[in-house]
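Taking it in order: structure first as structure tokens, then the write-up.
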Amino acid sequence: MARPHALARGTHGPSGSPPHEDSLTTFRCGASTLLPALWRGASSRLPTLWCRASALHPDGDRRRRPTISHRSPMRSLARPLPARRPRPACTIPCPGRKRSAIIRPPGPLTTSPPPFHGAPMDAKHVYVEDLKNHVGETVTIKGWLYNNRSKGKIQFLQVRDGTGIVQSVLGKGAVDDATFAACDHLPQESSLMVTGAVRQDARAPGGYELSLTAVTIVAQAQPYPIALQEHGVAFLMENRHLWLRSRKQHAILRVRAEVMRAIRDFFDSRGFVALDSPILTPAACEGTTTLFNVDYFEDKAFLSQSGQLYVEAGAMAFGKVYCFGPTFRAEKSKTRRHLTEFWMVEPEIAYATLDDVMNLAEEFITFIVQRCLERRREDLKVLERNTALLEKIRPPFPRMSYDEAAKWLHDKGLPFEDGNDLGSPDETALSQAHDKPLMIHRYPTKVKAFYMKPDPQRADRALCVDVLAPEGVGEIIGGSQREEDLAALERRLEEHKLPRAAFEWYLDLRRYGAVPHAGFGLGVERTTGWICGTEHVRECIPFPRMMYKIYP
RNA sequence: UCCCCGGUAGCUCAAUGGUAGAGUACGCGGCUGUUAACCGCGGUGUUGCAGGUUCGAGUCCUGCCCGGGGAGCCA
């Protein structure tokens, strides 16, 4: 009862019309085992695509795949390729011939697409993560082939569906021979639907497996670039859109999603109003860092580096607010801690002091970590994270003033100059020395932003706090009590040489009912990276944006 | 912007200045419990680019390009 499926038709373009070249990329003409006689006859005229390395670039030459960089924006896409030894645009293996054939552009498709193999899917569709509730039932998993270990007359198809991976066992005779043979040649990441009885079996990774009675191949993949082997970072980054399917990346991004949900749950349940700040802004919030420029009609604008000034307005209106969104920094930082686009949550509270936000940060971090332990333990296991270290993350967190930190660094013999901001190596050393987040407060006023309130006890120290995650991770929170005095703030703007006109609205917040207030910002990717034990923040966001890197 | 490391097959990597080679992926064959399965067979190539030294350069020198890590700055 094999029949074409809507999904399959979709991959071949409208029936009877010439397919778009791209639409052909989902099947291959070398797959004669998949095709009935009529279709196979047509396949010799079909152009497609079983190129060894054409997954990323239409000319099949991986070395020319688009790499977009600051110095050579869109170079490989914008310029014609240099003249060189002619290469086949696309090749297919031809039985009986040593060399691959050169493929001509596609002609019109006149035959119908190949039918699927296997029985129609009348079994209940379930997700891999729910399989344990369906032992003994016959169910269908819809997903992609993670790996196939073929052992002659028995095949072990490992199918992933986004919620997990399940091993399904296909014995010869369980399905028709054509389907069995097709499965034996299925490349990694081919999409397929498998139907079978759910069994508990200790031999299966994950503990449950399927005894298959039907397999439907939705789309046979081209050879998948990301093999089950080690790959270099550069290669994986250029294949980020596919890398997301890998187990570790999958686990990290699920933890990230949990972190984001925990953030919202924490503030929403405490009476904070979500008040989003603009992404397009007229001026720098802090003045010191480099911003991305944007043409804003006839004017100039910037991508926001912080929503803080705007949530201050929000706090005066709603009492407790937070903004949560992307933030942009154009600094040329090339380290494992930096992205040019990252997500930040910034709570701001009226009538709050530095101590209030330090206490809040402590509760907040604890909430996020414990939530991930509670709900994403399996992912942390995939990541081989030492969760015992995370279990310890509960109040109180150690607190240290800047002066105490400076003394600690001196005692350790680290080259640190009093009065300077803490450098990266300093923070790393401090962070490594603690097994809980370390709160360092009251940095020198001169190294901090203009809006931070100086300590009334000591004007050369600001009422601010940085929270350093342990294990050498470093800063995940920066916060402060804000300067609420109009005259003092005006002086600070001048000292920082900031354009006053752009800040008039901000000064208004002091003119009309100023109150003490405070807040902080937490970086989502750094926090996720700490919880996951990830080496680099680029793995903690689906499509990282970094210096000179904006593809894919 | 500065400092350090790197660029060889689609991918991961070898190769005293002397014939560019493995594993993997891919293809074919074998195998009814595999765990990145295994066994046999099949060939990968402008050694990042441009010069230079040399009888001879993947290897040494110079410049450039690209990538990675770090400093500053920051979440």
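Everything numeric in this text was worked out from a predicted model, so none of it was measured. Note on naming: letters A, B, ... go to the chains in the order of the sequence lines (proteins, then strands), and numbering restarts at 1 for each one.
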Within the structure, does a side-chain N or O atom of A/H338 lie under 4.0 Å from either OP1 or OP2 of B/rG69? no
Between the base of B/rC31 and the side chain of A/R149, is there any donor-acceptor pair under 3.5 Å? no
Using a 4.0 Å heavy-atom cut-off, does A/I226 contact any base of the nucleic acid, only the sugar-phosphate backbone, or nothing at all? nothing
Heavy-atom donor-acceptor pair, A/S333 side-chain to B/rC73 base, under 3.5 Å: yes
Electrostatic pair A/D466:A/K448 at N-O distance under 4.0 angstrom: yes
Give a yes/no on whether any side-chain N or O of A/K332 is located under 4.0 angstrom from OP1 or OP2 of B/rU1. yes
Ignoring hydrogens and angles, answer whether the base of B/rG72 and the side-chain atoms of A/S424 contain a donor-acceptor pair closer than 3.5 Å. no
Would a line drawn from the ring center of A/F267 to the ring center of A/F364 be shorter than 6.0 Å? yes
Are any of A/K549's side-chain N or O atoms less than 4.0 Å away from OP1 or OP2 of B/rG68? yes
Could you run down the sub-3.5 Å N/O contacts of the protein with nucleotides 12-15 of chain B?
residue, atom, partner, partner atom, Å
B/rU12, OP1, A/G232, N, 2.7
B/rU12, O4', A/Q229, NE2, 3.0
B/rU12, O4', A/E230, O, 3.3

Within less than 4.0 Å of OP1 or OP2 of B/rA71, is there a side-chain N or O belonging to A/R337? yes
Does this structure show an ion pair linking A/R160 with A/E189, if we count only N-O contacts that are shorter than 4.0 Å? yes
base_contact_polar (B/rU32 base, A/Q155 side chain, donor-acceptor, <3.5 Å): no
Measure from the ring centre of A/F156 to the centre of the six-membered ring in the base of B/rG33, then say whether that distance is under 5.5 Å and the planes meet at under 30°. no
Does A/R538 put a side-chain nitrogen or oxygen below 4.0 Å from OP1 or OP2 of B/rG69? yes
With respect to the phosphate group of B/rG69, does any side-chain polar atom (N or O) of A/H536 fall under 4.0 Å of OP1 or OP2? yes
Are A/E539 and A/K248 within salt-bridge range, i.e. N to O under 4.0 Å? no
